[in-house]
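Heads up: the structure comes next, in structure tokens.
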Amino acid sequence: MEDKAWSKRTRYCGTLRRDDVGSEVTLNGWVQRRRDHGGVIFIDLRDVTGLVQVVFNPEISAAAHAAAGEVRGEYVLSCRGVVRARPEDSVNPRLPTGEVEVMAEELSIINTSLTPPFEIEEDSGVDEALRLRYRYLDIRRPDLRDSLILRSRVTGEVRGFLSSRGFLEIETPVLTKSTPEGARDFVVPSRLQPGKFYALPQSPQLFKQLLMVAGLDRYYQIARCFRDEDMRADRQLEFTQIDLEMSFVEPGDVISLMDEMFAHIFRAVLGVELETPFPRMTWHEAMARYGTDRPDTRFGMEIGDLSGSFASSGFKVFRSALDGGGRIRGFVVEGLAAPPRRELDGLVEEAQRLGASGLVWMVREGEGLKSPVAKFLSEEEVAVILRREDLPEGGVLVLAAGSAEIDPILAGMREYCARRFAPAPAERFSFVWVTDFPLFDWDEEEKRYKSNHHPFTSPSRECLEYLEERPLEVTSDSYDMVLNGIELGGGSIRIYDPELQDRVFRLLGLSREEAEEKFGFLLEALRYGPPPHGGIAYGLDRIVMLMAGRDSIRDVIAFPKTQSGADLLSGAPDAVYPDQLKELRLRPT
RNA sequence: GGAGCCGUGGUGUAGCCAGGUUAACACGCCGGCCUGUCAAGCCGGAGAUCGCGGGUUCAAAUCCCGUCGGUUCCGCCA
């Protein structure tokens, strides 16, 4: 190996300012760009803090100038020089360091680089697969680099905040036990106990409850979690939770502490003041007003029930919906007035894409209504609609008729309309709590109840008496935090009574034996004086994604996987050697 | 499991629907000129058998079928 002498930096590139003029600095960094004018050479030198222009003038140092001539993109340099103010007319206002430049006196090329497979620059529209294969180059781009810096600051603030509130950061096992309910587990074969398997945690749920039984009072962890399910823009096989649990609390205690934590993080990291407490609504209210349990409250277009207006309608679709016990619900589209026909057709198409059999639109035209169903409406029905104050001239009302199945369609239409017609929302971050979820959902396929949250969620006290009689009407002490229509996290107060836990397991169709086998250790712990406790878990990736203004959590994860679960950089997943399988007593299919 | 979109020099795109010249343009790359640029400029050059396989055709980047990869969504994700 040849000796590559180089000098350590005295400053970071992106930090130089007018105040530094006159000082001698040594910089270490990468070549963003070289501009060779024959006589003078400019190099933009980049490090984690940003970039600064370095000037190589042969009259100052012939050697440095000559060396700079050899330099190419992404070479690694060590450069000594003097900071000086740029000539008045060559200040670059687009750069934080644009008022200064470094007059190079000495340059050493620490390392060369191949020409990168794509240009290292902001907003590179480069194919994501290629970026993932060369992620270490992709991360050199400022937007990805800044997202990872942002992420680190968020976790730092979370740790600081929770620590200051008496939370202990405690690690829980990654090699753990497979449990029924929930997502598909990732499974790890045991060598020491052939034929047996660990599961990677879907969340540290059970362990954090045990820590409460253990009397640690307040726990948190920034925990990696694993779920072997299909991916989305906001879902990866492995992801990170901000997980926490508290003893002797009620829902309001967790909620208000989290209000405070988010206000703190947003202030510290983004300089954004959030108004607290965040609004709260029950699950029932969310479904009624928005058709979804994660409403985007940045805009209005609240869904109303117009069943009354059409109570005696002769229009067949409305008639049969109402006779079947359904409703007619809809909303007035914001930002859309007297639209052309194709826009209205687009609404119907979107509804059908969302799975609706149809969608009715009505446009106010003076004292009448334009609608494909206008001829089926009585004068009285038209009059009722026209009396609505929220329907201005040219305004568009969209309606769907049916039962619960129309909720997601209307929710989807609301999002579509917001995307397409609504002006940019005034509020950048609109938080809302959704509380009191149903304890159970009915699983039509398996013909049994399933936990809406998880099996350890406490039913609301007032529902206990009809738990077995009317399970679907039972609500729980649960709460989800929603930001801009994205679920950031959810939690609940847990069951701390072993008898009640038993009843819930039974309703879930878990026999005593199964419950004992799968969760016996928890049930046992609950017999040793568990405190009332509850907590919440957040998707860190989603939080950072929204704070960074990105559309995918891949943009805030250093080494994400593709939709097919591949790590294009390392090549995972991959086959293993037969010997490895043999050692694990596994046979390939 | 299902539906949609994308795949053309190193990168981003055009060409594809109406099959037929040497596959075009920009950026990047290489070389030359150039002492104030910052997306430097000017001149010159190299570089793609059009993701892969099959089919139709006298002829396929283009039409058809399949497949692979990426992506978005539905199912799934307590």
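What you see is a predicted model; the values in this text were computed from it and never measured. Proteins get letters first, then strands, A, B, ... in listed order; numbering begins at 1 in each.
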TODO: Nearest whole angstrom, please: distance from the P of B:A3 to the CD of A:Gln352.
DONE: 18 Å
- [ ] Measure the distance between the ring centre of A:His37 and the centre of the six-membered base ring of B:A40, then answer whether it is under 5.5 Å with planes under 30°.
- [x] yes
Open item on the list: Of the listed nucleotides (B:C30, B:G70, B:C77), which one gets closest to any side-chain atom of A:Ala566?
Closed with: B:G70
Task: Letter per nucleotide, 5' to 3', of nucleotides 6-17 of chain B [B base touched, S only sugar-phosphate touched, - untouched; heavy atoms, 4.0 Å] - done: ----BSS-----
Task: Shortest side-chain distance from A:Arg33, nucleotide among B:G36, B:G28, B:C77 - done: B:G28
Open item on the list: By the 4.0 Å heavy-atom rule, please label A:Arg184 as base, sugar-phosphate, or nothing.
Closed with: nothing
- [ ] Side chain of A:Asp230 only, please: which of B:C76, B:C73, B:A39 is the nearest?
- [x] B:C76
TODO: Go through the N and O atoms of the side chain of A:Arg232 and the base of B:G75, and report whether any donor-acceptor pair is under 3.5 Å.
DONE: yes
TODO: For A:Asp441, report the nucleic acid contact type (base, sugar-phosphate, nothing); a contact means any heavy atom under 4.0 Å.
DONE: nothing
TODO: Answer yes if the ring centres of A:Phe519 and A:Phe505 are under 6.0 angstrom apart, and no otherwise.
DONE: yes
Task: Out of B:G36, B:U72, B:A40, whichever nucleotide has its closest atom nearest the side chain of A:Arg35 - done: B:A40
Task: Proximity to the side chain of A:Val55 - top-ranked nucleotide from B:G36, B:C74, B:C38 - done: B:G36
- [ ] Could you walk me through whether A:Arg494 and A:Glu245 pass the salt bridge (Lys or Arg N to Asp or Glu O under 4.0 Å) test, one step at a time?
- [x] CA-CA 10 Å; A:Arg494 325 301 181 185; A:Glu245 195 78 4; 2.7 Å; yes
TODO: Spell out yes or no: do the side chain of A:Arg86 and the base of B:C38 have one donor N/O and one acceptor N/O closer than 3.5 Å?
DONE: yes
Open item on the list: From C-beta outward on A:Arg227, which listed nucleotide comes closest to its side chain: B:C77, B:G36, B:U71?
Closed with: B:C77
Open item on the list: Would you say the ring centers of A:Trp442 and A:Tyr449 fall short of 6.0 Å from each other?
Closed with: yes
- [ ] Pick base, sugar-phosphate or nothing for A:Arg448, based on heavy-atom distances below 4.0 Å to the nucleic acid.
- [x] nothing
- [ ] Go through B:C29, B:U35, B:A39 for me and flag the one nearest to the A:Thr115 side chain.
- [x] B:C29
Open item on the list: Can you say whether a donor on the side chain of A:Asp44 sits under 3.5 Å from an acceptor on the base of B:C38, or the other way round?
Closed with: no
Open item on the list: So for A:Arg235 and B:C76, does any side-chain atom that can act as donor or acceptor lie under 3.5 Å from a complementary atom in the base?
Closed with: yes
Task: Nearest listed nucleotide, side chain of A:Thr562, among B:A40, B:U37, B:U71 - done: B:U71
- [ ] Check whether any side-chain N or O of A:His65 sits under 3.5 Å from a backbone N or O of A:Gly39 as a donor-acceptor pair, and report yes or no.
- [x] yes
- [ ] Could you please name the option among B:G31, B:C38, B:G70 that lies closest to any side-chain atom of A:Arg94?
- [x] B:C38
TODO: Give me the ring orientation class for A:Tyr136 and A:Tyr134: parallel if the planes are under 30° apart, tilted from 30 to 60°, perpendicular past 60°.
DONE: perpendicular
- [ ] Classify the nucleic acid contact of A:Arg554 as base, sugar-phosphate or nothing, counting any heavy atom under 4.0 Å across all strands shown.
- [x] sugar-phosphate
